[in-house]
Amino acid sequence: MKTTKENMTQNTQPYKGTRDFYPEDKRLQKWMFSKWREVCESFGYEEYDGPILEPLELYTSKTSEEVVNEQTYSFTDRGGRSVVMRPEMTPTVSRMVAARRQELGYPLRLYSIPNCFRYERTQRGRTREFWQLNADLFGIEGIEAEMEILLLTDRLMTVFGAKRNMYEIRLNSRKLLNSQIDKSDPSVEQQEVVRLVDKRDKMPEADFLSELKKLVSKPDQLLKFLDTKDISNIEDPAADGLKELLEMAKDNGMTNVVFMPSVARGFDYYTDIVFEVFDLDPENNRAMFGGGRYDGLVAEFGVEPVPTIGIAPGDVTLQNFLESWDLLPKLETETNLYVVLVGEVFEGAQKIVSKLRDEGVRVAVDMSGRKVGKQIETAVKKGIPYLLVIGEEELKSEQFKLKDLASGEEKEYSLERVVSTVLAE
RNA sequence: GUGGCUGUAGCUCAGUUGGUUAGAGCGCCAGUUUGUGGUACUGGAUGUCGUGGGUUCAACUCCCAUCAGCCACCCCA
C-alpha cells in the first residue's frame with residue numbers, strides 16, 4: 001500500500017485543539033505543575049484525582065448550560081449510558097465530597113491537576129484539551145475561607161515570578177449583585193442580568209444599555225452600582241463580607257485586590273463571592289482565571305450542604321501570561337551525563353554505568369557505534385551538561401575523561417570524582 | 001456556533017501583471033584520512049506550492065469548495 005503525503009501529514013498532527021508534549025514542552029508543564037503542587041501543599045491542600053469519564057447527569061443543572069449542551073465530548077457507552085469527558089473538575093470533587101460527607105475532616109482542603117475537555121473553537125489561550133489546577137476549601141462559611149483562597153491565588157502568581165503590577169485580582173459578590181438587581185426591579189430574571197453584566201466590557205456601551213433596559217425596567221439603580229469604584233459607598237448588607245475581605249487583603253499587603261462590580265463569572269453554581277485574576281499586560285488584557293464560592297453544589301447530591309470556595313487556573317492561560325511577561329525559565333534535560341563508547345566496550349561499560357546510576361547520576365549511553373564526534377554532537381543537541389568517554393583504556397585504568405560540554409573542559413577523574421562533579425550542579 | 005486573516009522544503013520566508021527545470025537563510029545528513037562537538041570549508045537530501053475541483057494553450061500565482069492554523073465574538077482555563 002502506498003502512503004500518500006496527505007496521509008502522512010494527517011497522521012502526524014495531533015487532534016485539533018490537543019497538544020503533543022515533546023520533552024521540552026513536557027519539562028515546562030512539569031515545572032508549572034510542580035509549582036502549583038508546591039504552593040497548594042504549603043497551604044495544607046492534599047492532592048486527589050477523579051475519573052476523566054463521568055455520567056452526563058453529573059453536569060446537568062450544575063455547569064453552565066452551554067458548556068454541557070454544546071461543549072462536551074460525549075458518547076453512549078456499550079451499556080447505553082451517556083458519558084462525557086470531564087469539561088471541568090468541580091462537579092467531580094463535589095460528588096466525591098458528598099459521597100464521604102460525614103467522614104471527611106473539615107476544613108477540607110483538596111487540589112488536583114486534571115486534564116479537561118471542551119469541544120470549542122480553538123484560539124489564543126483556548127484549546128480543547130487543557131489542564132487546570134483545582135483547589136477547593138470545603139466546610140468554612142466565613143470570609144476566612146475567601147481570604148485563604150485569595151492568599152493562595154496570590155502565591156500561585158508570585159511563585160512564577162509574577163509581580164503585583166502584572167496582574168489584578170478583581171472581586172465581586174453574586175449575592176450583592178443579585179441584591180442590586182432586585183432593588184432596581186424585583187421581578188427581573190437575575191441570571192440573565194448577571195450574564196449581561198459579565199459581558200459589559202466586551203460590548204459597545206450603547207448596546208449594553210439597550211439590552212439592560214430590556215431586562216430591567218429601572219436600570220438607573222443598577223447602573224449606579226456597576227459604576228461604583230469604592231465599595232464603601234455601597235450601603236447594602238450583602239456587601240459586608242466583601243468589604244471585610246477587601247480590608248483583610250489590604251492588611252496582608254495585597255495591593256492588587258480590587259472591587260469590580262462587573263465581575264460575575266459564567267458558571268451558574270456560584271453563590272456569593274466571585275473573583276477573576278486579570279492580566280494587566282495591555283497586549284493580553286484578559287481574565288486568566290477565576291473562582292468563587294459555591295455553597296450549594298455538594299447538597300445537590302442529596303446530603304447536607306457543605307460551604308465551598310475554589311479556584312481553577314488553567315495551564316494554557318498561565319503559559320500565555322508567563323510568556324508575555326517573559327517569566328518562562330530555560331529548562332534543561334533531566335539527564336546529567338552522556339556516555340560515549342569507543343570500540344567494543346558496551347558490556348564492560350555497563351558495569352561502570354550501573355555504578356553511576358547507583359550513585360544517583362542520570363546516565364544515557366550512546367550505543368550507536370558512531371564515531372566519537374557524532375556521539376558528542378548528539379549529547380550537545382540534547383543539552384546534556386556532562387560527557388564521559390569509555391573505551392578500552394578507561395576500563396583498564398579506571399580513570400575517565402569527563403567533559404563539561406558547556407565549557408569544553410575535559411579532565412581525567414576516578415569514578416568517585418565523576419559522580420561528585422556531575423552531581424555538584 | 002458567527003466573523004476576519006493565513007496555508008510554498010523540518011523552521012522563517014521569497015517567488016515578478018498566470019508562462020514552461022520552484023528559490024534563499026537556518027536546520028538536517030555526509031565528508032575534510034578513522035578516540036572528541038559547538039567555528040570554517042566541501043558536498044548532499046528534502047517540496048506532486050494544505051487538499052479537491054474549476055477557468056486557461058499554460059496556474060504556486062485567478063475562481064469555488066474543503067481541511068488546517070491564527071485572531072476576535074460566543075463561552076471560558
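Note that these values count all heavy atoms, side chains included, but never hydrogens, waters or copies made by symmetry. So you know, we letter chains A, B, ... as the sequences are listed, proteins then strands, and number each from 1.
Distance noted for atom C1' between B:U55 and B:C74: 39 Å (whole Å). Spacing between B:G37 and B:U51 at atom C1', rounded to whole Å, works out to 42 Å. Distance check on atom C1': B:A9 versus B:C49 gives 10 Å, rounded to whole Å.
Within 4.0 Å (heavy atoms only), A:Leu405 reaches at least one base atom of the nucleic acid.
Atom pair A:Phe278:CZ and B:A77:P shows a separation of 13 Å (rounding to whole Å applied).
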Collect all protein-nucleotide pairs involving nucleotides 29-35 of chain B in which both atoms are nitrogen or oxygen and the distance is under 3.5 Å.
unit_1: B:A30; atom_1: OP2; unit_2: A:Lys374; atom_2: NZ; d: 3.3
unit_1: B:G35; atom_1: O6; unit_2: A:Glu393; atom_2: OE2; d: 2.9
unit_1: B:G35; atom_1: N1; unit_2: A:Glu394; atom_2: OE1; d: 3.1
unit_1: B:G35; atom_1: N1; unit_2: A:Glu394; atom_2: OE2; d: 3.0
unit_1: B:G35; atom_1: N2; unit_2: A:Glu394; atom_2: OE2; d: 2.7

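Secondary structure note: stems in RNA chain B built from 3 or more consecutive Watson-Crick or G-U wobble pairs under 3.5 Å occupy B:1-7 with B:67-73, B:10-13 with B:23-26, B:28-32 with B:40-44, B:50-54 with B:62-66.
Under the salt bridge (charged side-chain N to carboxylate O under 4.0 Å, His left out) criterion, A:Arg118 pairs with no residue at all, not counting sequence neighbours.
With no hydrogens or angles considered, a side-chain donor-acceptor pair links A:Glu129 and A:Asn115 at under 3.5 Å.
Against RNA chain B, the stretch residues 117-131 of chain A makes heavy-atom approaches under 4.0 Å through A:Arg118, A:Glu120, A:Arg121, A:Thr122, A:Gln123, A:Arg124, A:Gly125, A:Arg126, A:Thr127, A:Phe130. Within residues 22-31 of chain A, no residue approaches RNA chain B, by heavy-atom distance under 4.0 Å.
Between A:Tyr111 and A:Tyr45, the gap from one ring centroid to the other reaches at least 6.0 Å.
Screening residues 345-358 of chain A for side-chain hydrogen bond (donor to acceptor under 3.5 Å, both in side chains) gives no qualifying pairs among residues at least two apart or on separate chains.
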